[in-house]
Asks: 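Below you will find the structure I want to go over with you.
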Amino acid sequence: MKIRKPDSKGNIIVGTTAILIVVLLLMCIFVMASLNYFQNQNIESQANDNFKYIIDDYSRNLEVLGRDSIAEATQKVYNGLPVHDSDDQIRKNLNKRLDEKNDEFRDKYDVELSSEVLSVEPTDLPWKVLFKVKLNGNKDGEEFSQIIESNSSIEGLRDPLPIAKLTIASGIMAYDDKIHYKTSLSAYMILHNFDSPESYIEATAPLTIKKCPYDPYVHHGDPGVLKDCLDTGYFHESADGSCYLCRLEGKGKCPHYGMEVFIQTHTPLGNESLSCSDHVVFADHYNGEKIDPNDWDSLILDSSHRKKYGLTYYGNETD
């Protein structure tokens with residue numbers, strides 16, 4: 001029997017079929033590769049979401065733990081123990097707390113965490129302290145590493161400067177939300193040969209850090225404002241005052257943007273003495289006069305502080 005050769009029409013059909021088979025194979029390969037890609041992407045996305053949630057939760061805890069670590073350093077000062085390097089002391093306090101938090105997260109999220117406090121820093125606002133922590137984690141074979149930051153507020157904490165500066169051996173006391181200097185401040189002034197130390201016998205100052213809401217501060221010259229500020233015990237921003245970290249070390253001033261608070265005298269004397277801003281008393285040492293000579297509780301202020309707080313003509317005004 002004679003075999004017939006395929007004609008041109010047959011060749012086209014065979015060629016077309018071959019092409020279709022190849023296309024189908026390529027489409028199958030593409031679909032399988034795409035499914036695998038999206039599956040891997042979904043797994044990676046879920047892992048990233050898990051990491052993000054863990055890091056966000058850790059960051060929220062860092063704000064509280066940082067504040068607690070500052071408070072622990074403050075308690076050390078109030079226990080009569082000096083803090084020579086507040087950054088290092090707070091870093092040690094926080095590392096211990098983070099180690100405990102890492103164990104808690106391991107049980108909570110099944111994640112292995114390790115952390116290291118990189119820095120404890122003052123900020124542009126004296127009411128905040130910045131923490132930077134290196135956080136490493138491993139969960140289900142996936143690893144992450146990130147530096148997280150958090151600002152912790154020092155509002156509501158006790159002012160460590162008076163105790164750190166004078167020490168508890170001086171007789172200084174803290175109660176009724178006030179620092180009671182008793183004779184400790186006048187003794188300090190006698191030791192340094194400052195004018196009229198008797199004016200500061202039984203002086204008082206606020207104990208707890210509270211940010212003054214009367215901003216700009218010139219409004220302290222408005223009727224009733226200064227009285228409310230003194231009664232409530234507000235602290236004020238000051239480029240000359242010391243930040244909280246330096247206050248822990250007993251420094252009346254520092255290179256950081258800090259705060260100041262009034263040390264209030266309670267004396268009938270009208271002698272010229274140290275201006276009552278705490279950075280002046282503990283560091284800058286220049287004199288002022290009573291803003292109201294007839295008031296036993298009057299502040300003793302220099303001209304620049306009177307101007308800052310709008311008290312230039314305070315003695316001629318009535319509340």
Side-chain angles (χ1 to χ4, degrees), residues 74 76-84 86 158-209 226 229-230 233-236 238 240-244 246-255 258-306 308-309 311 314-315:
T74 303
K76 182 177 180 179
V77 171
Y78 274 78
N79 287 342
L81 302 173
V83 173
H84 299 295
S86 60
R158 292 170 296 175
D159 183 12
L161 176 58
I163 306 295
K165 185 71 176 180
L166 301 178
T167 76
I168 58 175
S170 68
I172 189 172
M173 302 180 73
Y175 57 89
D176 295 336
D177 202 28
K178 286 185 178 181
I179 294 289
H180 295 262
Y181 283 98
K182 302 299 182 180
T183 59
S184 63
L185 193 50
S186 57
Y188 163 83
M189 292 174 66
I190 291 172
L191 181 64
H192 291 85
N193 199 31
F194 297 140
D195 292 337
S196 190
E198 64 276 6
S199 296
Y200 278 87
I201 295 175
E202 297 293 339
T204 59
L207 174 63
T208 306
I209 305 290
L226 180 62
C229 180
L230 295 175
Y234 289 129
F235 285 68
H236 307 87
S238 173
D240 298 319
S242 53
C243 71
Y244 197 88
C246 289
R247 295 173 89 86
L248 282 165
E249 299 171 5
K251 297 176 181 176
K253 66 182 304 179
C254 69
M259 66 186 81
E260 66 180 353
V261 71
F262 296 131
I263 299 175
Q264 190 171 0
T265 59
H266 309 282
T267 174
L269 299 176
N271 301 335
E272 181 178 310
S273 188
L274 289 177
S275 185
C276 70
S277 174
D278 63 344
H279 73 82
V280 178
V281 173
F282 291 130
D284 292 320
H285 307 146
Y286 48 81
N287 285 353
E289 297 178 349
K290 277 190 172 184
I291 59 175
D292 185 351
N294 299 317
D295 183 1
W296 281 39
D297 298 326
S298 174
L299 298 180
I300 300 174
L301 289 178
D302 57 279
S303 59
S304 62
H305 278 91
R306 291 188 186 209
K308 175 180 178 178
Y309 291 98
L311 300 170
Y314 184 82

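Values in this document were obtained by computation on a predicted structure and should not be read as measured data.
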Asks: Show the nearest heavy-atom pair for residues P162 and I172, with the distance to one decimal.
Replies: CB-CD1, 3.6 Å
Asks: Side chain to side chain donor-acceptor pair (under 3.5 Å) for E260 and H279? Distances and angles first, verdict last.
Replies: CA-CA 6 Å; E260 66 180 353; H279 73 82; 3.1 Å; yes
Asks: Would you call the rings of Y309 and H305 parallel, tilted or perpendicular, where under 30° means parallel and over 60° means perpendicular?
Replies: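 Parallel.
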Asks: Kindly say whether I263 contributes a backbone atom to a donor-acceptor pair with the side chain of Y200 at under 3.5 angstrom?
Replies: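 Here the side-chain-to-backbone pair does not exist.
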Asks: Got R247 and D278 here, is their nearest side-chain heavy-atom distance under 4.5 Å?
Replies: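 SC-SC contact between R247 and D278 confirmed.
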Asks: Side chain of T265, backbone of T267: donor and acceptor closer than 3.5 Å?
Replies: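 Looks like no, no N/O pair under 3.5 Å.
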Asks: List in chain and number order the residues that pass side chain to side chain donor-acceptor pair (under 3.5 Å) with K178, two or more places apart in sequence or in another chain; answer none if no residue qualifies.
Replies: none
Asks: Using the test salt bridge (Lys or Arg N to Asp or Glu O under 4.0 Å), find all partners of D295 that sit at least two apart in sequence or belong to another chain.
Replies: none
Asks: Of the non-hydrogen atoms in G80 and I168, which two are nearest, and what is the gap between them?
Replies: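 Heavy atoms of G80 and I168 come nearest at CA-CD1, 3.6 Å.
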Asks: Has the side chain of T208 got a donor or acceptor atom that lies under 3.5 Å from a matching backbone atom of D177?
Replies: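 Absent.
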Asks: So H285 and F194, would you call those rings parallel, tilted or perpendicular, with 30° and 60° as cut-offs?
Replies: tilted
Asks: Kindly say whether N287 contributes a backbone atom to a donor-acceptor pair with the side chain of E272 at under 3.5 angstrom?
Replies: no
Asks: For the side chain of S196 and the backbone of S273, is there at least one donor-acceptor N/O pair under 3.5 Å apart?
Replies: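 Between the backbone of S273 and the side chain of S196 there is no qualifying donor-acceptor contact (under 3.5 Å).
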Asks: In terms of heavy-atom contacts, does CG of N79 have more than 12 from other residues, nucleotides or ligands at under 6.0 Å?
Replies: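 Correct, the count exceeds 12.
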Asks: Taking only Lys NZ, Arg NE, NH1 and NH2, and the carboxylate oxygens of Asp or Glu, determine whether K308 and D240 approach each other closer than 4.0 Å.
Replies: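 Not counted as a salt bridge, because no side-chain N and carboxylate O are separated by less than 4.0 Å.
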Asks: List for me each residue that meets side chain to side chain donor-acceptor pair (under 3.5 Å) alongside Y244, sequence neighbours excluded, and say none if there are none.
Replies: T74
Asks: Is a donor on one side and an acceptor on the other found under 3.5 Å between the side chain of S298 and the backbone of I291?
Replies: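 Here the side-chain-to-backbone pair exists.
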Asks: Backbone N or O of C243 within a donor-acceptor pair of the K251 side chain at under 3.5 Å?
Replies: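 A pair under 3.5 Å: no.
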Asks: Please name the pair of heavy atoms, one in F262 and one in A205, separated by the smallest distance, quoted to 0.1 Å.
Replies: O-CB, 3.8 Å
